[in-house]
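What follows is a set of notes on a single structure, which appears directly below.
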Amino acid sequence: MGNEDEPRIGVFVCHCGHNIAGTVDVEAVARVARHYPNVAYTVDLMFTCSDAGQTHIREAIAEHNLNRVVVASCSPRMHEPTFRRVVEEAGLNRYLFEQVNLREHCSWCHAREPEKATIKAEDLVRMAVARAALLEPLEVKTVEVTPHTLVVGGGVTGLRAAVDIGSRGFKATVVEKESELGGHLRHLSTMYPNNEKAEDVIDRMLIAARAIADIEIMTDSVVVDLDGHIGSFETKIKNMKSGKTVKRTFGAVIMATGFEPFEPEGYYEYGNNPNIITLAEYEKMKSTGSVLRISDGRPPKQVMFIGCVGSREEGNKGHEHCSRYCCTAMTKAACDIKDETEEVMVLYDDLRTFGRGHEEIHREARQKHVMFSKFAHTKKPKVCLKDDRIIVKWKDVLSGTYCEFEPEMLVLTTAMVPPAGTDEVAKLFSLTRSGDGFFNEEHIKLAPLTTHTAGIMIAGVAQSAKDATDSATQASGAAAKATSLMARKNVEIESTVSWVDETLCSSCHTCVQACPYGAIEMATTKDPPVAFVTEAKCHGCGTCAAACPSNAITMRHSTDEQIISMVEAFLIPPPVEGGGE
Ligand SMILES: Cc1cc2nc3c(=O)[nH]c(=O)nc-3n(C[C@H](O)[C@H](O)[C@H](O)COP(=O)(O)OP(=O)(O)OC[C@H]3O[C@@H](n4cnc5c(N)ncnc54)[C@H](O)[C@@H]3O)c2cc1C
C-alpha cells in the first residue's frame, strides 16, 4: 500500500474496559467517525491493546485495504509502540499510525460529564482523522553503537555501574575529577544500616573494578568536550594534573556526579565557633578513627544534633527537598557517640528513619537515652554564643515547654546539593535540571534512569538526594540500560526529527541557539552557511521550527499542514453524510 494511494483510514475506538466506556459513549464515537472524510472502516473494541484487538487491526488493514490507522484509546506513552508494531506487522509504515488519548485526556478528567466527554471524544477523533490523512511514511534509521560506556563520577554509584558493565563483558571508563575514587563514602566512618566501615565498602568496589580488564579508571580528570549522539559520543577528557587530553568515543554515558553537603552559612552560628560543625565534617573526623574532640582537645561531654538544616525550607536558598539520608545518618551518629559522651540530644523538625533496618537504629538510640525533641517547622531553635559557650534554646512542640541546652559540640545535619560546576556539566551533556538542581530524568515514574538526551543515563545522587543503598540500586539499573544498548550493536533513532530546506535558510543561526539539544549546526562548507540537523541528536521538540524566521524548518510527522488540518477539523466539522448517527 503506497503513500500515493488515496487515504483509507481505519478508526479503532477502545472501551478500555470501563475506563473509557464508563464515561464516553464509544459506540457513538465509532459510528460518527464512519462519516469523516477518508474513513473506510470504524469499530469499537473492548481492549484494543489485547491480542484479539491487535489481530482485529491487522485483519481490518488487509480486508479493507487500509493505509492509515487511528486508535482512540489510552496515552501514546503507554501503547504507541504496541500499535506502531501492529501496523508494521500488517505492512504499513509505523508513521502512518495516529493515536488519540481518550482515557487520560477525556474519560478520566471529565468523568462527571459523560455527554460533554463524548462530544470531546468525537472532536479528538475527528482531528486525528484529519491529521492521519496527511501522514507520510518515514524512513526508520539506525546508528551503530560503540560498545564502551563513559561513567562520569567515581563514587559508589559510578563504581557500581562500571563493575556491573565490566562484569558483563563490556568496556567502561570511569572519569573522576578527584585524585581518589569513592566519592563521599571516602569521608564517612561507619554506615547505616549495617554499621559497615565506609572505607571497606569502597575498597570492595575498587578491588572488583580493578580486577576487570575492561574497566578503565581516569582520576584527576574531567570531560571537557562532548559531541555526537547515542551510539557514538565523541569526548575529550582532560587530566587536570598533567594537562593532557585524550579522545574517546562512547556508545552510552552514565552520569554519577553525586552531590556536595550544603555549607550552612548563616544557620545556627555556623562558622562563628569551631565546635559548631556539619554532620559531614563530623563524619570526616570520625572516619580517621580518632576519638572525637572539641577545639580545646577534650572529648565533648554534651553533643547536640540539629536536623533538616537548609532542607525542606520553602523559598530559602532553593533547598526545598528532603535529602533522604539525614534522619538515619544523624540518629546513627547520635547513637554511636552516646557510648563516648555523657549527654546526647537530637533536635528535629520531622524524623523518619524510613529504610529497612533504620528504625532499629532509632530504637537503639532511645534505649541508650539519646534525647529527642521536636521543634516547630516555623520556629527554629536559637543558638547564642557566650564567650566559648554554645547555648541552644527552643520550644519542644510535643510537651509545649521552652528548653535550653548547652552542648560542647553542635552538629548540623545539612542537605545534599548538586556539586559546584553542575551547570557547566548540564550544558556539556545537554541535560536539564530539576528545581533542586539535580539532573532531570526522562520521566519520574516511567523512565527514571534515562534522560531527554538519548543514550545518557543518570544514577545515584546526581538524579536526586538519596542514600548509598538507593544510589547503588540505581547504578545497577543504569548499567543494565547501558549494556542492553551496547549489546544491540545498532540502535533505532526517531524519524520524527526536524529538516532544513537549505534554499530557504537565511543563515541567521536562530535555530542553532534555540535547539536545547545541540542538534543543529551551521554547515560551513556551504557559502553562505546553512543550518543542518544531526538527526540522532534531535528530539523532535519543534523549537527550531517555531523559531525559524524563514520558515525553512519542517518537523517531520508534525508539519504545519498536519497541525493546521487538526485545528480546521475542530473548528469546521465536516458535513456528516446521512445526518450523523
Ligand atoms: C554525612 C553523611 C552521612 C551519610 N551516611 C550514609 C550512611 O550511613 N549510609 C548510606 O547509605 N548513605 C549515607 N550517606 C549518603 C551517601 O554518602 C550517598 O548516598 C553516596 O555518597 C552517593 O554516591 P554517589 O556516587 O551518587 O555520589 P558521590 O559520593 O557524591 O560521588 C560522586 C563522585 O563524582 C565525582 N564528580 C562530580 N562531578 C564530577 C565531574 N564533573 N567529573 C568527574 N567526576 C565528578 C565526585 O568527585 C565524586 O567522587 C551519607 C551522606 C552524608 C553527607
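Numbering of ligands and ligand atoms starts at 1, following listing order.
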Does the pair Arg312/Asp350 count as a salt bridge with the N-to-O cut at 4.0 Å? yes

Polar atom proximity, Lys332 to ligand 1 (N or O, under 3.5 Å): no

Report the part of Ala256 (side chain from C-beta onward, or backbone N, CA, C, O) that has a heavy atom under 4.0 Å from ligand 1; answer both or neither where that applies. backbone

What atoms of ligand 1 come closer than 4.0 angstrom to any heavy atom of Leu185? 16 (C), 17 (O), 20 (C), 21 (O)

Which of the atoms of ligand 1 are close to Thr469, meaning less than 4.0 Å from one of its heavy atoms? 11 (O)

Nearest protein heavy-atom contact for atom 9 (N) of ligand 1: which residue, which atom, what distance? Tyr192 O, 3.2 Å

Please write down residue, atom name and distance for the protein heavy atom closest to atom 4 (C) of ligand 1. Leu188 CD1, 3.6 Å

Numbering as shown, the atoms of ligand 1 that approach Ala280 to under 4.0 Å (heavy-atom distance): 1 (C)

Would you compute the distance between atom CD of Glu340 and atom CG of Leu292 and round it to the nearest 0.5 angstrom? 7.0 Å

Against heavy atoms of Val425, which atoms of ligand 1 measure under 4.0 Å? 41 (N)

Would you please indicate yes or no on a ring centroid separation below 6.0 angstrom for Phe259 and His184? yes

Is the closest N or O pair between Phe259 and ligand 1 shorter than 3.5 Å? yes

Would you mind listing which atoms of ligand 1 come within a distance below 4.0 Å of any non-hydrogen atom of Glu178? 47 (O)

Taking heavy atoms and a distance under 4.0 Å, where does Val223 meet ligand 1: side chain, backbone, both or neither? neither

Considering non-hydrogen atoms of the protein only, which is the closest contact for atom 37 (C) of ligand 1, and what is the distance? Thr257 O, 3.1 Å

Logged contact type for Ser471 with ligand 1, heavy-atom cut-off 4.0 Å, is side chain

With heavy atoms and a 4.0 Å threshold, my read on which part of Tyr325 contacts ligand 1 is side chain

Looking at NE2 of His319 and CZ of Phe262, how far apart are the two atoms once the value is rounded to the nearest 0.5 Å? 5.0 Å

Minimum heavy-atom distance between Ile361 and Pro193, given as atom pair plus value: CD1-CA, 4.2 Å

State the NE2-OG1 distance between His187 and Thr288, to the nearest 0.5 angstrom. 12.5 Å

Is there a side chain to side chain contact (heavy atoms under 4.5 Å, CB included) between Leu185 and Val201? Walk through the geometry before answering. CA-CA 8 Å; Leu185 260 56; Val201 174; 4.1 Å; yes

Are any of the N/O atoms in Pro261 less than 3.5 Å from those in ligand 1? no

If you count the atoms of ligand 1 from 1 in the order shown, which ones are under 4.0 Å from a heavy atom of Thr157? 23 (O), 24 (P), 25 (O), 26 (O)

Is the closest heavy atom of Met416 to ligand 1 under 4.0 Å? yes

Does atom CD of Glu199 have more than 12 heavy-atom neighbours from other groups under 6.0 Å away? no

Just to confirm my output: which protein heavy-atom neighbour is closest to atom 27 (O) of ligand 1, and how far is it? Gly258 CA, 3.2 Å

What protein heavy atom is closest to atom 11 (O) of ligand 1, reported as residue, atom name and distance in Å? Ala468 N, 2.9 Å

His184, any N or O under 3.5 Å of ligand 1 N or O: yes

What is the closest protein heavy atom to atom 23 (O) of ligand 1, and at what distance does it sit? Val156 CG1, 3.3 Å

Ligand-side contact atoms (ligand 1) for residue partner Gly183, heavy atom cut-off under 4.0 Å: 29 (O), 31 (O), 48 (C), 49 (O)

Ring-face cation contact, Phe438 with Arg433, 6.0 Å cut, 45° max: no

Considering the heavy atoms of Met191, write down every atom of ligand 1 situated less than 4.0 Å from one of them. 7 (C), 8 (O), 9 (N), 10 (C), 11 (O), 12 (N)

Between Arg168 and Thr483: side-chain donor-acceptor atoms closer than 3.5 Å: yes

Within the structure, is a non-hydrogen atom of Ala462 found at a distance of less than 4.0 Å from ligand 1? no

For the NE2 atom of His321 and the CE atom of Met416, what is their distance to the nearest 0.5 Å? 8.5 Å

Only heavy atoms count here, so choose which of Lys177, Glu176, Met218 is nearest to atom 35 (C) of ligand 1. Glu176

Within this structure, what is the SG-CD1 distance for the pair Cys544 and Ile520, rounded to the nearest 0.5 Å? 4.0 Å

To the nearest 0.5 Å, how far apart are OG in Ser232 and CG in Asp227? 9.0 Å

Among protein heavy atoms, which lies nearest atom 34 (O) of ligand 1, and at what distance? Gly153 CA, 3.3 Å

For Lys332 and Thr190: C-alpha separation, side-chain torsions, deciding distance, then whether side-chain hydrogen bond (donor to acceptor under 3.5 Å, both in side chains) applies. CA-CA 9 Å; Lys332 177 179 182 314; Thr190 56; 2.6 Å; yes

Please test Thr149 against Phe250 for side chain to side chain contact (heavy atoms under 4.5 Å, CB included), starting from the C-alpha separation and ending with a verdict. CA-CA 5 Å; Thr149 295; Phe250 300 100; 5.7 Å; no

With nothing but distance in play, are any N or O atoms of Val152 less than 3.5 Å from an N or O of ligand 1? no

Return a yes/no value for Val461: is any of its N or O atoms, backbone included, closer than 3.5 angstrom to an N or O of ligand 1? yes

List the steps and the verdict of ring pair (Phe, Tyr, Trp, His ring centres under 6.0 Å) for Phe305 and Tyr282. CA-CA 11 Å; Phe305 293 82; Tyr282 170 96; 5.7 Å; yes

